[in-house]
Asker: 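Got a structure for you, questions after.
All residue numbers in this chain count up from 1 along the given sequence. All figures in this text were calculated on a predicted structure; none of them were measured in a lab.
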Amino acid sequence: MTAPPAPGTGAAAKAAVLVEALPYIHRWQDRVVVVKYGGNALAGAVADHDALASFASDIVLLRSVGIRPVVVHGGGPQIGALLGRLGIGTEFVRGLRVTDAATLDVVRMVLLGQVNPDLVAAMNVHGPLAVGLSGADSRLLTTRTVDPDLGFVGEVAAVNTSVLEQLLAQRLVPVVATIGADEGGQAHNINADTAAGAIAAALGAEKLIYLTDVEGLRRDVADPSSVLSSVAARELEELVRSGAVTAGMVPKVEACLHALRGGVRQAHILDGRVEHALLLEVFTDEGVGTMITA
């Protein structure tokens, strides 16, 4: 008689994972989860079909168990690479790309012509599930100019969730490229972290998840061992004031705080380079990265 598999190996390990996931599946069913897939996490993924396919399958799995995911994406490294090939210089001010007319054309080409279609196609391998959008579609993201010195860089003035709600009601997955337009129709480049936070707050999402290229939020930016597994919003505000949160993490943290103030229950900053980091965070007891609570 063949002995049963030892716990923690083979089939038994897979069964244990499914049992652990079950209460989370029940908990998050029918809840909106906004996932911001960062340009830095995406940089490897677009070049690596397997990594992109892995992320797409994670999103499809969320949708298949009754969760309602919305994907918001950037594309900073891809934009920078094309600007470099075209000989167009890049300047950043306070973490925002200075965007003149030529740069805006490149941003639109990359986000709407490369990154968004790649993500949508990877998800639709599993069926007709994903729909690509820009913030300018159906006036999803109405913008206003952040600072004239930054050029065509916009901040979110209003979110029209109607098109997202219609897609979610049909159990489709919206994939949003962060190009918006102001009241006069002028296109703007929007920081994707900020856009994801605004969309999550407007939808009343249960979770806002950032997939990026760091292992989480550090108490000491220079100390990799100081990653916080969880932090309350009030403590996070203190870290911002103390200068512990720097550079590209600032828009993410500010967007998390905005979303939490807007009613989102939890925000997460995860390392998108870890395979299935999204599933580990949503469906396991330990999770990965940093969870931020109100």
Asker: Going from CG on Asp147 to CG on Leu96, what distance comes out if it is rounded to the nearest 0.5 angstrom?
Answerer: 9.5 Å

Asker: Does Arg241 have more than 12 heavy atoms from other residues, nucleotides or ligands lying within 6.0 Å of its CZ?
Answerer: yes

Asker: Any side-chain heavy-atom pair from Leu129 and Asn124 closer than 4.5 angstrom?
Answerer: yes

Asker: How many angstroms lie between CG in Leu280 and CG in Leu270, if you round to the nearest 0.5 Å?
Answerer: 9.0 Å

Asker: What closest approach, in Å, do Pro69 and Pro174 show between heavy atoms, and which atom pair accounts for it?
Answerer: O-CD, 3.5 Å

Asker: Nearest heavy-atom pair of Ala267 and Cys256: which atoms, and what distance?
Answerer: CB-SG, 3.7 Å

Asker: Can you find a heavy atom in the side chain of Ile190 that is under 4.5 Å from one in the side chain of Thr143?
Answerer: yes

Asker: Is the backbone N or O of Arg234 less than 3.5 Å from a side-chain atom of Glu238, with the two atoms forming a donor-acceptor pair by type?
Answerer: no

Asker: Are any of the side-chain heavy atoms of Leu150 and Thr99 separated by less than 4.5 Å?
Answerer: no

Asker: Do Asp100 and Thr103 have side-chain heavy atoms sitting under 4.5 Å apart?
Answerer: yes

Asker: Which pair of non-hydrogen atoms, one from Asn160 and one from Arg139, has the smallest distance, and what is that distance?
Answerer: CB-O, 3.2 Å

Asker: Over 60° means perpendicular and under 30° means parallel, so classify the ring planes of Phe152 and His188, tilted if in between.
Answerer: tilted

Asker: Nearest 0.5 angstrom please: Asp58 CG to Glu281 CD, how far?
Answerer: 12.5 Å

Asker: Can you see which heavy atom on Ala233 is nearest to which on Leu260, and at what distance?
Answerer: CB-CD1, 4.2 Å

Asker: Assess whether side-chain contact (heavy atoms from CB on, under 4.5 Å) is satisfied between Gln114 and Met109, documenting all intermediate values.
Answerer: CA-CA 7 Å; Gln114 175 191 349; Met109 281 190 288; over 6 Å; no

Asker: When you measure from the side chain of Asn189 to the backbone of Leu104, do you find a donor-acceptor pair of N or O atoms at a distance under 3.5 Å?
Answerer: no

Asker: Hey, are the side chains of Ile79 and Thr90 touching, using non-hydrogen atoms and a 4.5 Å cut-off?
Answerer: no

Asker: Using 0.5 Å steps for rounding, measure from the CG atom of Asp182 to the CG atom of Leu141.
Answerer: 12.5 Å

Asker: Starting at CG of Asp149, measure out to CD of Glu91 and round the result to the nearest 0.5 Å.
Answerer: 9.5 Å

Asker: Does any N or O in the side chain of Tyr37 come within less than 3.5 Å of the main-chain N or O of Val71, such that one atom is a donor and the other an acceptor?
Answerer: no

Asker: Could you tell me if the side chain of Val175 sits less than 4.5 Å from the side chain of His73, heavy atoms only?
Answerer: yes

Asker: Apply side-chain contact (heavy atoms from CB on, under 4.5 Å) to residues Val120 and Val131 and explain how you reach the verdict.
Answerer: CA-CA 6 Å; Val120 169; Val131 177; over 6 Å; no

Asker: What's the spacing between His268 NE2 and Thr290 OG1 if we round to 0.5 Å?
Answerer: 10.5 Å

Asker: Measure from the side-chain N and O atoms of Asp118 to the backbone N and O of Val115, and report whether any donor-acceptor pair falls under 3.5 Å.
Answerer: no

Asker: For salt bridge (charged side-chain N to carboxylate O under 4.0 Å, His left out), just list the numbers for Arg273 and Asp213, CA-CA rounded to whole Å, side-chain angles, deciding distance to a tenth of an Å, and then say yes or no.
Answerer: CA-CA 6 Å; Arg273 300 168 300 181; Asp213 63 342; 5.6 Å; no

Asker: With a 4.5 Å heavy-atom cut-off, do Leu208 and Ile292 have their side chains touching?
Answerer: no

Asker: Identify the heavy atoms of Arg68 and Ala169 that sit nearest to each other, and give their distance.
Answerer: NH1-N, 4.5 Å

Asker: Considering all heavy atoms of both residues, which atom of Gly151 and which atom of Thr145 are nearest to each other, and what is their separation?
Answerer: O-CG2, 4.0 Å

Asker: Any side-chain heavy atom of Val146 sitting closer than 4.5 Å to one from Asn191?
Answerer: no

